[in-house]
> 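Following this message is one structure expressed as structure tokens.
Hydrogens, waters and symmetry mates play no part in the numbers below; they use all other heavy atoms, side chains included. Residue numbers start at 1 and run along the sequence shown. Predicted model only: the values in this text are computed from it and were never measured. Whatever order the structure lists ligands and atoms in, that order sets their numbers, starting from 1.
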Amino acid sequence: METVACDIRDFSLADAGKKRIDWAEREMPVLRLIRQRFEKEKPLAGQRVVACLHVTTETANLLKTLKAGGAEVAVCASNPLSTQDDVAASLVVHEGIQAFCIKGEDHDTYYRHIHQALDLKPTLTMDDGADTVGIVHSERRELIPDIIGGTEETTTGVIRLRAMAKDGVLAYPIVAVNDADTKHFFDNRYGTGQSTIDGILRATNILIAGRTVVVAGYGWCGKGVAMRARGMGARVIVTEVAPTKALEALMDGFEVMPMAKAAPIGDLFITVTGCKHVIRKEHFEAMKDGAIVCNSGHFNVELDLDGLESLANSKEEARPFVDQFRLPSGKSVFVLGEGRLINLAAAEGHPASVMDMSFANQALCAEWMAKNASTLEKGVYSVPKEIDEQVASLKLQSQGVEIDVLTPEQQKYLTSWQEGT
Ligand code: ADE
């Protein structure tokens, strides 16, 4: 067997990982079609892709697609807790893909793994949270001349990249995959909505019905979480800082109030804001005894856990992924998954059917970048409309759903201004 550079937990998990990757593939018809075309056309021949993504069964199917397209691929984790160790083993053993990721790796190992993946000397970077872009632009600048472009999966990463572009420091073009309609309408809303509840239930096995659930943030992810919590019988309160989103939450039928007012009322708190310290010391102190707190935003900064630790008399694991903090008042607050994204820490992330569209966009944008990079400026690019629409059409086809087409008369009507009342 050819030796593949890697740092993973256990090679013996490879066969179990392969079975789960194959299971996910059944739910990823769009990516499968793209892979079949890539196998013939090899649009990524000569490219070296460093992917910093959650290493899940769905990601494995994306990486296999990139390899089928002719790319050499190395993967590292985009979160220390999200790696599925069996998947990492299967990528190395069965697919010949370099993998540097171990579930539960510490801070130093997490960054060492990004560096090890970057040793592939990428021509393309693929991020979920912009961590490779960050390292390339700070500690590994010698890699920049070889990099033709990149892609970014998530809202938080796109915010960072736009800030870099605004400051004139972004050194190559990057496609914001998150901004495709076929990404955020579905992955952020239905994916986060379902997988967040899934992570909470796997960690705690609580009944949602009858509980008061506080959802911080009403972006696409918050909408999904609030909708699913309500669907399971919770009373849902939304907290927001943006007036329009707050109004939308109100008109969608949720209660809206500041966190200071929600803190003493909530039974379960879920942050999905992309912002820092949304739940702070004063909120933890005001919570009911037994309140459960978790985060489903990209970074673990949404909960001020240092603040909570400084308040607490003790901290102990109540069960896997559940830490009990005892406060001087005698009350306890339970934090799930160390404040990291609960859907990937305690569950398996979004279901394959929704990642099918996100990762179809990733694969097609990598192809687009390989074709077009020489004509692009440094900066953040939207997913081309044709790619977004192609992904939606293929997904509908895969579900056997047909839609109408405009008649010539309708087309004319929609592009003219003469017809009135
Ligand atoms: N982000 C959220 N869910 C995911 C999954 N299943 N795979 C990869 N990235 C994800």
Side-chain angles (χ1 to χ4, degrees), residues 17 20-28 30-31 49-66 73 75-88 90-91 97 99 101 103 117 125-132 151-158 176-180 182-202 219-225 228 270-272 274 294-300 337 340-363 365-366:
R20 294 202 316 111
I21 294 167
D22 291 347
W23 175 257
E25 186 184 329
R26 300 168 67 89
E27 292 276 313
M28 303 184 88
V30 180
L31 196 61
V49 181
V50 168
C52 180
L53 301 172
H54 301 299
V55 183
T56 64
T57 55
E58 294 75 24
T59 298
N61 279 293
L62 169 63
L63 303 179
K64 284 172 67 176
T65 305
L66 302 175
V73 181
V75 67
C76 54
S78 57
N79 184 290
L81 269 189
S82 62
T83 297
Q84 298 172 2
D85 290 316
D86 56 345
V87 169
S90 179
L91 286 171
I97 289 175
C101 44
K103 187 173 175 96
T125 59
M126 189 171 272
D127 270 294
D128 187 335
D131 276 347
T132 55
T151 62
E152 169 54 54
E153 170 80 3
T154 199
T155 319
T156 303
V158 172
V177 169
N178 185 69
D179 293 356
T182 48
K183 200 280 184 180
H184 63 265
F185 284 177
F186 305 102
D187 171 316
N188 300 29
R189 181 168 35 171
Y190 302 112
T192 308
Q194 178 168 316
S195 64
T196 299
I197 302 289
D198 184 17
I200 293 165
L201 296 185
R202 290 198 208 192
W220 288 104
C221 295
K223 287 192 206 341
V225 174
R228 290 299 176 244
I270 307 167
T271 54
V272 263
C294 67
N295 166 52
S296 209
H298 184 80
F299 287 118
N300 62 339
R340 298 194 185 276
L341 13 76
I342 192 61
N343 58 344
L344 282 141
E348 294 170 72
H350 304 349
S353 173
V354 89
M355 294 313 293
D356 188 25
M357 288 186 278
S358 310
F359 286 167
N361 276 296
Q362 283 282 9
C365 287

> For T156, check side-chain hydrogen bond (donor to acceptor under 3.5 Å, both in side chains) against everything at least two apart and list the hits.
none
> Not counting sequence neighbours, which residues clear side-chain hydrogen bond (donor to acceptor under 3.5 Å, both in side chains) with T132? List them please.
D127
> Hey, is the main chain of N178 close enough, under 3.5 Å, to the side chain of H184 for a donor-acceptor pair?
yes
> Can you name the side-chain contact (heavy atoms from CB on, under 4.5 Å) partners of E348, sequence neighbours left out?
R20, Q84, R202
> What residues come within 4.0 Å of ligand 1, counting heavy atoms only?
H54, T56, E58, T59, L344, E348, G349, H350, M355, F359
> Please find the pair of heavy atoms, one from S195 and one from H350, that lie closest to each other, and give the distance.
OG-ND1, 2.9 Å
> So, T196 versus N343: side-chain donor-acceptor pair below 3.5 Å or not?
no
